[in-house]
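Whatever order the structure lists them in is the order used to number ligands and atoms, beginning at 1.
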Amino acid sequence: MTPRRIVIAGGGTAGWMAAAAIMRTMGRTAEVTLIESDAIGTVGVGESTIPPLITFNRLLGINEAEFMAATQATFKLGIAFDGWKAPGHGYFHSFGLTGKDHWAAGFQHFWLNAQTRGQTQSYDDYCLELIAAREGKFAHLPNDRMNYAYQLDSTLYGRFLRRMAEGDGVTRVEGKIAQVDLDGTSGHIAALLLESGVRIEGDLFVDCTGFRALLIEQALHTGFDDWTNWLPCDAAIAVQTESVAAAVPYTRAMAHDAGWQWRIPLQHRVGNGIVYCRRYLDDDAALDRLLNNVEGRVLTTPNKLRFVTGARRKQWHRNCIAMGLSGGFMEPLESTSIHLIQRAILRLIRMMPHGEISARDIDEFNEQQHLDMLQIRDFLILHYKATDRRDSGFWRQCAAMDVPDSLAHRIALFRETGRVFRKNEELFAENSWVQVMMGQGIMPRTWHPIAEKLSDDDLAKFMAGLRDGVTATVRSLPDHASYVASFCGTPRSDAA
Ligand SMILES: Cc1cc2nc3c(=O)[nH]c(=O)nc-3n(C[C@H](O)[C@H](O)[C@H](O)COP(=O)(O)OP(=O)(O)OC[C@H]3O[C@@H](n4cnc5c(N)ncnc54)[C@H](O)[C@@H]3O)c2cc1C
């Protein structure tokens, strides 16, 4: 069989994830070429991930300790949100489950009912990952009982995947793409022309050129849905700092009066960044604010980024598939961008054309990818909309905005009944919605009647049993930073 010629434009996280996964999965049925330009470089941010990345790495046969050593990664059990509901208030969105669900009703129903029967313990006390994170503890547990992700250096992840992909047979071409040649009849991309004069032909093109969207937009004019009216932040500045304390197993998202700031501890340094809306905060003031709120010496020149929140109308158009920032961007609040790259790659591999590209495959791909993006968009908007903050123009705008009907329905349903439903393989499961809705201040007015079936004593025993289980497990866990060092610790010089 003639191998399908797959050309990947761009060698950021998206490009190398795609190259490594396609080559490893498709083997000799595909001929993969990746073009990247050292002169242009990568976006240089993207450090916090979510649990499905573990699956991606496993599918590729990646050894976890080697991967963590190579990317200077730490474990992540969730995100601590400070100041989102109100200044001074905080909550945690953790991975994993809280308490124990009944098939008819999630654990939140039992917890809400227990509150009215004199049990005042926090909802947080029933979540292993959350309590472990707060106490700075971590270990792998049998049967994957501890749900986690990674905080990593994405540039190092790209290098790690590049070694793997080149080892598997991916051809890397260094050079700047100067022109995208279209086929006059089909309108498909025929070849990419480099500044050096080299012409690279292909059957399928993967656009991983970042915000430039060189193929999908500049050549194919696919169109873009702008979601800035719901997610108003449009700029970010990132800096890396020295670590001044042991790395904690969670990312921090600290709200300020015109956006928020992240802090992500890796093994060898800390990643920081401020995300803001330029209508309410100018670039100089944002930089000052960031530099005044980092711990440790600043190691890098501030990386200033502008973005428009939204999504390409089609992620797959003709023979071109957008992955990564070329497909759209929805700000890093819940660390979903690398995950969307992963979803697109696995989806493309599942729908890899055999012969001609099927228009039905394209439609199916676009529908599934679009749904993922809409569901994530709604989850992100929730953080801005459901707030008591009215202390700045930014927060007043967020609180007053109309939200998509899909989100308005979820909020109303939860407020009225305590119910939340996960739909169509949605990324964020019930527990994520419950934690963020309650964290942002949306409290259900009632609960499922089944919660009242238990007597006071039985309910108290049930709840205490769950809490005790969490406490005992957390007590048995080692400190996160020591666990990382023993699992995959590397001398700092290896990270360069
Ligand atoms: C502020 C911010 C914070 C983020 N934080 C997170 C996070 O915590 N978690 C997360 O999951 N994601 C995060 N992301 C998203 C994440 O950074 C990206 O999804 C990820 O890095 C993938 O980027 P990319 O590969 O699409 O683009 P890039 O890294 O920009 O790579 C583009 C590639 O295309 C090449 N290229 C471009 N034009 C040409 C040309 N003409 N010729 C040849 N090559 C070309 C470049 O050389 C480069 O190799 C964040 C993004 C931003 C902006």
Measuring from non-hydrogen atoms of [X] to any atom of ligand 1, is the shortest distance under 4.0 Å?
X: C208; value: yes
X: D38; value: no
X: W16; value: no
X: G175; value: yes
X: T49; value: no

Ignoring angles and geometry beyond distance, decide whether [X] reaches within less than 3.5 Å of ligand 1 through its nitrogen or oxygen atoms.
X: I341; answer: no
X: F329; answer: no
X: V45; answer: yes
X: I35; answer: no
X: F211; answer: no
X: G41; answer: yes
X: K176; answer: no
X: G15; answer: no
X: S37; answer: yes
X: V43; answer: yes

Could you tell me which non-hydrogen atom of G11 sits nearest to which non-hydrogen atom of T42, and how far apart they are?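 Closest approach of G11 to T42, heavy atoms only: O-CG2, 3.9 Å.
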For residues 212-223, pull every pair meeting side-chain hydrogen bond (donor to acceptor under 3.5 Å, both in side chains), keeping only residues two or more places apart or in separate chains.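 For residues 212-223, and leaving out neighbouring residues, the side-chain hydrogen bond (donor to acceptor under 3.5 Å, both in side chains) pairs sorted by first residue read E217-R312.
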Among L380, D378, L374, which residue meets the side-chain contact (heavy atoms from CB on, under 4.5 Å) test with L407?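 The residue from L380, D378, L374 that satisfies side-chain contact (heavy atoms from CB on, under 4.5 Å) with L407 turns out to be D378.
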Using a strict 4.0 Å threshold on nitrogen-to-oxygen distance, state whether R269 and E47 make a salt bridge.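 A salt bridge links R269 with E47.
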Contact list for residues 425-436, test salt bridge (charged side-chain N to carboxylate O under 4.0 Å, His left out), sequence neighbours left out: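 Every salt bridge (charged side-chain N to carboxylate O under 4.0 Å, His left out) pair that includes a residue of residues 425-436, provided the two are not neighbours, is R410-E426.
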